[in-house]
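Hydrogens, waters and symmetry mates play no part in the numbers below; they use all other heavy atoms, side chains included.
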Amino acid sequence: MTSEVTVSNSGANLPKPVYKEYYWLRSFVAGGVASCCAKTTIAPLDRIKILLQAQNVHYRHLGILATAVAVKKKEGFPGLYKGNGAMMVRIFPYGAIQFMAFDKYKKIIRKKIKNSEHIPRLMAGSMAGITAVIFTYPLDMIRARLAFQVKGEHRYNGIIHAFKTIYLKEGGFPGYYRGLLPTIIGMAPYAGFSFFTFETLKTAGLKHAPELLGKPSSDNPDVMILKTHASLLCGGIAGAIAQSISYPLDVTRRRMQLSAILPDSEKCRTMFQTLKYVCMQHGIRRGLYRGLSLNYIRCIPSQAVAFTTYEFMRQALHLN
């Protein structure tokens, strides 16, 4: 994957690594690993979030901590990680495509818009998020269905069985993309503001406090990167801001994904129908923003770990 060349400089032989081969592949791996680390960190919180968002009959009357205790009591400790296998299958390509696409889109947009740093970041982040969603949405659908199941009421026996069942009973291939529109609409601001906030904070930090917040990259001393604590902080702030903006559409997406196995499925067929129904039945705070406090608890460390791990992987795979 890499090679070295020797450059002569005043009689001294200086090895200089050339890391241009397979750049896209290394970028792909870096994004995938970063996202897997982030999601594994908060997998139990993800399960609880899905149960609360979709008003599961066993847990809808409970709060966050009470739900966690109830899940552990009813399904055991592994119950907190239900659906995580499908999550890992989905999240590696999702994160890989998103981070790789962000770098590519940012370079392209910068060539078109040369007098602004903010617009390319926001646009590239949104486009990268949408690209990743389109490619990996069926896996997210499967993961949501598996995570929503409770012990003793299994409709799907695993990832492959879920794929077959949805295909046969929910209209074939289109069944895998139920809820795609609100996902894309929600992902555009989420990914856009997430990347935009992190990149903006990173640039500002390295510009105004380089000695306090920055350090030279191990693979390229000419490039400054954030220290670990600073990267975690910037990633956490980015996640909180992005989540606040896009959360109602995330709730809508989950309701549409799970509509086929919910008793009120007829009222959650389209995005606007679902938004209206959730508002009328549960209100804004208890409906569209139900589980938001949990989402802050999960998205802040998740984004912090994702961005920080990606920065580390960029060094390890010589992407700087």
Any chain of hydrophobic side-chain contacts (each under 4.5 Å) joining M141 to M88?
yes

Please work out whether the ring planes of F195 and F102 are parallel, tilted or perpendicular, with thresholds of 30° and 60°.
parallel

Should I113 and M123 count as side-chain neighbours, where that means a heavy-atom distance under 4.5 Å?
yes

Check ion pair R145-D140 (N to O, under 4.0 angstrom)
no

Q315 and S218: side-chain donor and acceptor closer than 3.5 Å?
yes

Name the orientation class of the two ring planes belonging to Y176 and F173 (parallel below 30°, tilted from 30 to 60°, perpendicular beyond 60°).
perpendicular

Can you name the nearest heavy-atom pair linking I130 to M187, along with the distance?
N-CG, 3.9 Å

In a check of side-chain hydrogen bond (donor to acceptor under 3.5 Å, both in side chains) between R314 and each of D219, N320, T309, N220, which one passes?
N320

Passing candidate, side chain to side chain contact (heavy atoms under 4.5 Å, CB included) with F99, options F28, Y94, F307:
F307

May I have the step-by-step check of side chain to side chain contact (heavy atoms under 4.5 Å, CB included) for R47 and E75, ending in yes or no?
CA-CA 12 Å; R47 172 90 202 281; E75 306 177 47; 3.3 Å; yes

If you draw a 6.0 Å radius around CG in L65, do more than 12 non-hydrogen atoms from other residues or ligands fall strictly inside?
no

For a quick test of reading the model, state the closest non-hydrogen atom pair linking C299 to Q243 and the distance between them.
SG-CB, 3.7 Å

Result of checking C37, S35, C36 against V33 for side chain to side chain contact (heavy atoms under 4.5 Å, CB included):
C37

As an exercise, state the distance from CD1 of I48 to CG of L80, rounded to the nearest 0.5 Å.
6.0 Å

Rounded to the nearest 0.5 Å, what separates atom CD1 in I109 from atom NZ in K104?
12.5 Å

How many angstroms lie between atom CZ of F198 and atom CG of L226, to the nearest 0.5 angstrom?
5.5 Å

More than 12 heavy atoms of other residues, nucleotides or ligands under 6.0 Å from OH of Y296: yes or no?
yes

Exercise: do S126 and Y190 side chains pair donor with acceptor under 3.5 Å
no

Main-chain N/O of H318 paired to R26 side chain as donor or acceptor, under 3.5 Å
yes

Say whether, by atom type as modelled, one donor and one acceptor occur between the side chain of S246 and the main chain of A242 under 3.5 angstrom.
yes

Treating Ile, Leu, Val, Met, Phe, Trp and Tyr as nodes and any side-chain heavy-atom pair under 4.5 angstrom as an edge, say whether F193 and I119 lie in one connected cluster.
no

Can R121 and T203 be counted as having a side-chain donor-acceptor contact under 3.5 angstrom?
yes

Cationic N near anionic O, under 4.0 Å, E117 to K106:
no

Kindly compute the distance separating OG1 (T200) from CG (L122), expressed to the nearest 0.5 Å.
9.0 Å

Which atom pair, heavy atoms only, marks the closest approach of I42 to P301?
CG2-CG, 3.9 Å

I241 with Y247, same ILVMFWY side-chain cluster at under 4.5 Å
no

Does the pair I91 and T40 meet the rule for a side chain to side chain contact (heavy atoms under 4.5 Å, CB included), with working shown?
CA-CA 10 Å; I91 203 62; T40 300; over 6 Å; no

Y105 with I134, same ILVMFWY side-chain cluster at under 4.5 Å
no

Measure the spacing between OG1 of T136 and CZ of F92 and express it to the nearest 0.5 Å.
13.0 Å

Evaluate the ring planes of Y137 and Y177, with Trp represented by its six-membered ring, and classify them as parallel (under 30°), tilted (30 to 60°) or perpendicular (over 60°).
parallel

At their closest point, which heavy atom of F163 faces which heavy atom of P138, and how far apart are they?
CE2-CB, 4.2 Å

For the atom pair OG (S194) and CD1 (I245), what is the distance rounded to the nearest 0.5 Å?
10.0 Å

Do L212 and L233 share a hydrophobic cluster, counting only Ile, Leu, Val, Met, Phe, Trp and Tyr and linking them when any side-chain heavy atoms are less than 4.5 Å apart?
no

Quick check: do M100 and W24 have side-chain heavy atoms less than 4.5 Å from each other?
yes

Taking the side chain as C-beta and beyond, is there a heavy-atom pair between M224 and S217 under 4.5 Å?
no

What are the two closest heavy atoms between S231 and E311, and how far apart are they?
OG-CG, 4.2 Å

Quick check: does any side chain N or O of K202 sit under 3.5 Å from a backbone N or O of G235, one acting as donor and the other as acceptor?
no

For H161 and Y156, the nearest pair of non-hydrogen atoms, with its separation, is ND1-CA, 3.4 Å

Are any of the side-chain heavy atoms of V223 and P216 separated by less than 4.5 Å?
no

Evaluate whether atom NZ of K215 has more than 12 neighbouring non-hydrogen atoms of other residues, nucleotides or ligands under 6.0 angstrom away.
yes

State, with a plain yes or no, whether a side-chain heavy atom of I166 is found less than 4.5 Å away from one of R178.
no

